[in-house]
Visitor: 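Sharing a structure, written as structure tokens. Questions coming.
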Amino acid sequence: MQQRNLLVIGLFAVSLVLGASEASAQPKPWYWSWWPSHWENQRFEPYLEHPKHPHNTQWDSEKWEPADWAAQKQGGSLELIRGFYSANILSGQYVDDELPVLEVGPNFYHLSGQDKRRVTALVDDYYKITADHLNAMYEIRDWRTHKPIGTYTTRGLHLQ
């Protein structure tokens, strides 16, 4: 009986040593692990904002005005907007059936939520789109698909 217990403990110890001996970053296709094909076509992107705060109240405590950015750049808001175009953050602006449209480029999606709100607020502040009317707004569209992804109103940026 005691020999049998020693044999079981010995086999268990050998299996632990053999299982822990390989330290490799490659996935191991065995019973207690994922096969390599499991990890294909998966994208892991970091959270850029605090995930527990709602988007509409996350930055309420931040005191920022478009003039803060404009004061940092010689040439003011217009030079900032030109910079957004050269950085592919903005792609175009036009009017479609009497609706102002701001077309965003691929790098708009790489901005944090706070910076997306700041870029669209700066554009609105410079062109005064929502300043004249209570219900004024402009639409935000994707540069590639030309489909709407949100709006900017007097209450700020609203993305779908």
Visitor: Do you know the tightest heavy-atom contact between Y94 and R141?
Guide: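 Shortest heavy-atom contact: OH-NH1, 3.5 Å.
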
Visitor: When rounded to the nearest 0.5 angstrom, what distance separates CG in D132 from OG1 in T154?
Guide: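 Between atom CG of D132 and atom OG1 of T154 there are 12.0 Å.
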
Visitor: Do you know the tightest heavy-atom contact between L122 and S77?
Guide: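 Taking L122 first and S77 second, the nearest heavy atoms are CD1-OG, 3.7 Å.
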
Visitor: What pair of heavy atoms forms the shortest contact from W69 to D115, and how long is it?
Guide: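 For W69 and D115, the tightest heavy-atom pair comes out as CZ2-OD1, 4.0 Å.
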
Visitor: Mind listing the closest non-hydrogen atom pair of H110 and P106 along with its distance?
Guide: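 Minimum heavy-atom separation between H110 and P106: CD2-O, 3.5 Å.
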
Visitor: Heavy-atom distance under 4.5 Å between the side chains of M137 and L99, does that happen here?
Guide: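 They are in side-chain contact.
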
Visitor: For residues I129 and A136, report the shortest heavy-atom separation together with the two atoms involved.
Guide: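 The answer is O-CB, 3.5 Å.
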
Visitor: Quick one: which residue pairs count as a ring pair (Phe, Tyr, Trp, His ring centres under 6.0 Å) with a foot in residues 137-160, not counting sequence neighbours?
Guide: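 Of all non-adjacent pairs touching residues 137-160, those that pass ring pair (Phe, Tyr, Trp, His ring centres under 6.0 Å) are Y138-Y152.
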
Visitor: Quick one: does V119's side chain get under 4.5 Å of L80's, heavy atoms only?
Guide: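 No - every pair of side-chain heavy atoms lies 4.5 Å or more apart.
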
Visitor: How far does NZ of K147 sit from CG of D142, to the nearest 0.5 angstrom?
Guide: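 Atom-to-atom, K147:NZ and D142:CG are 9.5 Å apart.
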
Visitor: T120 and L102: which non-hydrogen atoms are nearest, and at how many Å?
Guide: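 Smallest interatomic distance, heavy atoms only, reads CG2-CD2, 4.4 Å.
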
Visitor: Could you tell me which residues satisfy side chain to side chain donor-acceptor pair (under 3.5 Å) with Q93, sequence neighbours excluded, listed by chain and number?
Guide: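 Q93: side chain to side chain donor-acceptor pair (under 3.5 Å) contacts with Y85, Y127.
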
Visitor: Which is it for I89 and V104 under the side-chain contact (heavy atoms from CB on, under 4.5 Å) test, yes or no, and what are the steps along the way?
Guide: CA-CA 6 Å; I89 293 171; V104 295; over 6 Å; no

Visitor: Between K63 and D68, is the closest basic N to carboxylate O distance under 4.0 Å?
Guide: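 No salt bridge links D68 with K63.
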
Visitor: Just wondering, more than 12 heavy atoms not from E79 lying within 6.0 Å of its CD?
Guide: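 Atom CD in E79 is packed in, count exceeds 12.
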
Visitor: Hey, are the side chains of V95 and V101 touching, using non-hydrogen atoms and a 4.5 Å cut-off?
Guide: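 Of all side-chain heavy-atom pairs linking V101 with V95, none is under 4.5 Å.
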
Visitor: OG1/T130 to CG/D124 distance, rounded to the nearest 0.5 angstrom?
Guide: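 These two atoms lie 3.0 Å from each other.
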
Visitor: How many angstroms lie between CD in E103 and CZ in R144, if you round to the nearest 0.5 Å?
Guide: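 Going from the CD atom of E103 to the CZ atom of R144 covers 12.0 Å.
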
Visitor: Indicate yes or no: at least one non-hydrogen side-chain atom of T153 is less than 4.5 angstrom from one of T151.
Guide: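 Touching, per the 4.5 Å side-chain cut-off.
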
